[in-house]
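For reference, the structure is listed below as structure tokens.
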Protein chains: 2
Amino acid sequence: MSEKLTPLEQNPEGIGYLPGLAMDFVIFGFDQYQLKILLLEYRNTNLFALPGGFVRENENMNDAARRVLSERTGLSDIYLDQFYTFGDLARYDQAPLRTIMQAKGLNPTDDHWLLRRFVSVGYYALIDFRKAAPTPDPLSDNCIWYTLENLPELMLDHKAIAQKALETLRADLDRKLGGYDSWAAPLLPKAFTMGELQKLYETILGQQLRRSSFQRKMLSLDILERLEKQYSGGAHKAPYLYQFIMDK
Amino acid sequence: MSEKLTPLEQNPEGIGYLPGLAMDFVIFGFDQYQLKILLLEYRNTNLFALPGGFVRENENMNDAARRVLSERTGLSDIYLDQFYTFGDLARYDQAPLRTIMQAKGLNPTDDHWLLRRFVSVGYYALIDFRKAAPTPDPLSDNCIWYTLENLPELMLDHKAIAQKALETLRADLDRKLGGYDSWAAPLLPKAFTMGELQKLYETILGQQLRRSSFQRKMLSLDILERLEKQYSGGAHKAPYLYQFIMDK
DNA sequence: CCATATTGTCTCATTATGGAACAATAATAG
DNA sequence: CTATTATTGTTCCATAATGAGACAATATGG
């Protein structure tokens, strides 16, 4: 499974990987009622990028996505969705990657495989901010969480990719509601209050929801199991705790 | 724009095209209240496949999709949507393509580029059955419309691709409702009756809709303009004709 | 002229949603 | 120990959306 491949930057031919095909990840983390995404920073270049990766020759593409995601976040049980594939010629710009490689002391030739045209498959992931152990990739120096409002300038078309990921995530929320997949489970404690669940929805959708309607809707879906009352909390009535029903 | 490239089958290196990247098309046609998709047939091989294509080195991927679609259908103004990218290793099976090429009198070596592993970007299209001029690609001998219920055995994972296209199309119908894109326009006469529009929806969704609800909903969306009454028709009250409002 | 099928519209029951009220109650302040 | 306070679970009602059917209108075919 984990055969040794030459590190990417020292592999000018890209041996062992599918040529011209990349993956980019929009990794959403839920932290303090804020939605953040994980970016890589390249020191001395002022360049930021989405985490990315490549597909090995003997690997399913979706498996490759899980592998790279695990390498970047340390997490294996992740909600992951392929949302779009980006193939514009405008993506083909050698400048930023060359800058990054040069800042690393490399001096790639024009036909280094990383400098060729790539089509990139976009995935978005939802992960638990607290459980993640972000790890930079071999070319970058730093992993940082950014709120969507404070995104820095991103390489290539990565801003558009992040934007499209958010749109897809929001549009998917309704449809995923009924499904048993419970995308929300990995983002919440095992037992959570209705308020916490609502806050999660509001954070992702970027808008307020009505409390009574939300509760009614959620309870009507038969995806929640009510547990005992919560003991701790604030200066007010204790809320119930819920967990997702994991039947079948 | 239309630079001359060596025909695919005589181009063992795939010069001029992005390596390892294909596109597959699920072309939906609306005919006699039936939803059909366009398949290619390879004579003497008993093999059927979705129309496919490749991306040129100096071409946006989505432009390539329109180009190929135009080559296969003769249509240029087409509703086209990229819905998923298929990258399983199981797609990598030389046998069917080798059979096809041999039936054409070709004898490709194992590393002919068409026999290598491909990742394929799936697009679905909605076209007017009557306006289409289906044209087989250089390797196939025939274009045939099939209803979804009567699909023959398809090459590789093409059946799964068609299935996913249909699911995506159906799921998208609601969301596209509000939009001004009016995906339905190219599938209907310039002026159409409410019954025709409803039939279109029913055909795509594969289920009956309630007549009064459908009419109420459509009229409430403010996307239809009512014209004069239809003059011809059957032995019954003449229905109104409508057209889509094309404002901004 | 009559029968017939389909259309445009209307009505009423049912269901979903928005918006607000209200009692319950766990912590905190006195 | 009591009062205060914030938040919760629930209920209520107005409004909106949808399901299901009724009914008159009317081109065409007989």
Side-chain angles (χ1 to χ4, degrees), chain A residues 32-33 170-171 173-179 184 188-245, chain B residues 32-33 170-171 173-179 184 188-245:
Chain A
Q32 302 288 115
Y33 303 143
R170 286 181 175 169
L173 264 202
D174 312 347
R175 284 191 293 172
K176 292 191 195 311
L177 257 180
L188 291 167
K190 248 192 291 297
F192 50 88
T193 68
M194 192 61 75
E196 289 174 317
L197 184 59
Q198 182 175 342
K199 265 294 177 193
L200 175 58
Y201 270 85
E202 291 177 338
T203 302
I204 293 177
L205 293 175
Q207 61 179 339
Q208 303 288 108
L209 301 174
R210 272 146 292 276
R211 195 170 59 91
S212 64
S213 303
F214 184 81
Q215 175 128 338
R216 184 167 44 193
K217 183 87 172 182
M218 281 299 154
L219 293 180
S220 77
L221 290 174
D222 282 328
I223 57 172
L224 294 181
E225 182 178 0
R226 176 177 283 184
L227 309 174
E228 80 287 1
K229 283 248 183 181
Q230 189 176 36
Y231 177 58
S232 78
H236 52 73
K237 182 175 177 179
Y240 286 106
L241 290 174
Y242 296 88
Q243 63 184 24
F244 287 106
I245 298 172
Chain B
Q32 303 285 118
Y33 304 145
R170 286 181 175 169
L173 263 202
D174 312 347
R175 282 190 295 170
K176 293 190 195 311
L177 256 180
L188 291 166
K190 248 192 292 296
F192 50 88
T193 68
M194 192 60 75
E196 290 174 318
L197 184 59
Q198 182 175 343
K199 266 292 179 193
L200 175 58
Y201 269 86
E202 290 178 338
T203 302
I204 293 177
L205 293 174
Q207 62 179 342
Q208 303 287 107
L209 301 174
R210 272 146 294 276
R211 191 172 61 92
S212 63
S213 303
F214 183 82
Q215 174 130 337
R216 182 169 44 192
K217 182 86 173 183
M218 281 300 154
L219 293 180
S220 77
L221 288 175
D222 281 329
I223 56 172
L224 294 181
E225 183 178 0
R226 178 177 282 185
L227 309 174
E228 80 288 0
K229 284 247 183 183
Q230 189 176 34
Y231 177 60
S232 79
H236 51 75
K237 181 175 179 178
Y240 285 106
L241 289 174
Y242 296 89
Q243 63 184 24
F244 288 105
I245 298 172

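In what follows, chains are A, B, ... by sequence order, proteins preceding strands, each numbered from 1. Predicted model, so just to flag it, every value in this text is computed and none were measured.
One can place CD of A:Q215 at 16 Å from C1' of C:dA20, the figure rounded to the nearest angstrom. Nucleotide D:dT7 holds its C1' atom 14 Å from the OH atom of A:Y240, rounded to whole Å. Remark: P of C:dA16 and CG of A:L219 are 14 Å apart, rounded to the nearest angstrom. A straight line from CE of A:M194 to C1' of D:dA6 spans 19 Å, rounded to a whole angstrom. Rounded to an integer number of Å, the gap from A:F214 CZ to D:dT11 C1' is 19 Å. The interatomic distance linking B:Q198 (CD) with C:dT7 (C1') rounds to 11 Å, in whole Å. Rounded to whole angstrom, the span from the NE2 atom of A:H236 across to the P atom of D:dA3 amounts to 22 Å. Whole-Å rounding puts the A:L227 CG to D:dG9 P distance at 12 Å.
With hydrogens and angles ignored, the 3.5 Å screen pairs a side-chain donor or acceptor of B:E196 with a backbone N or O of B:T193. One N or O on the side chain of B:E202 and one on the backbone of B:L209 form a donor-acceptor pair closer than 3.5 Å.
When each of A:K237 and A:R216 is assigned the nucleotide of DNA chain D bearing its nearest heavy atom, the one mapping closer to the 5' terminus is A:K237.
Regarding contacts with the backbone of C:dG18, a side-chain N or O of A:S213 is found under 4.0 angstrom from either OP1 or OP2. For D:dT18, the OP1/OP2 oxygens have a side-chain nitrogen or oxygen of B:K217 closer than 4.0 Å.
Checking D:dA27, C:dT9, D:dA20 against the side-chain heavy atoms of B:R210 singles out D:dA20 as nearest. Closest to the side chain of B:S212, out of D:dT10, D:dG9, C:dT9, is C:dT9. Nearest to the side-chain atoms of A:P239 among the listed nucleotides D:dT18, C:dG8, D:dG9 stands D:dG9. Checking C:dA5, D:dA20, D:dT10 against the side-chain heavy atoms of A:R226 singles out D:dT10 as nearest.
Note: A:L173 CG to A:L205 CG = 5.0 Å, rounded to the nearest 0.5 Å.
For A:R211 against C:dG18, no side-chain N or O and base N or O form a donor-acceptor pair under 3.5 Å.
The minimum heavy-atom distance between B:K190 and B:Q243, with the atom names listed, is O-CB, 3.3 Å.
Between B:F192 and B:Y242, the ring planes lie tilted relative to each other; the angle falls in the 30° to 60° range.
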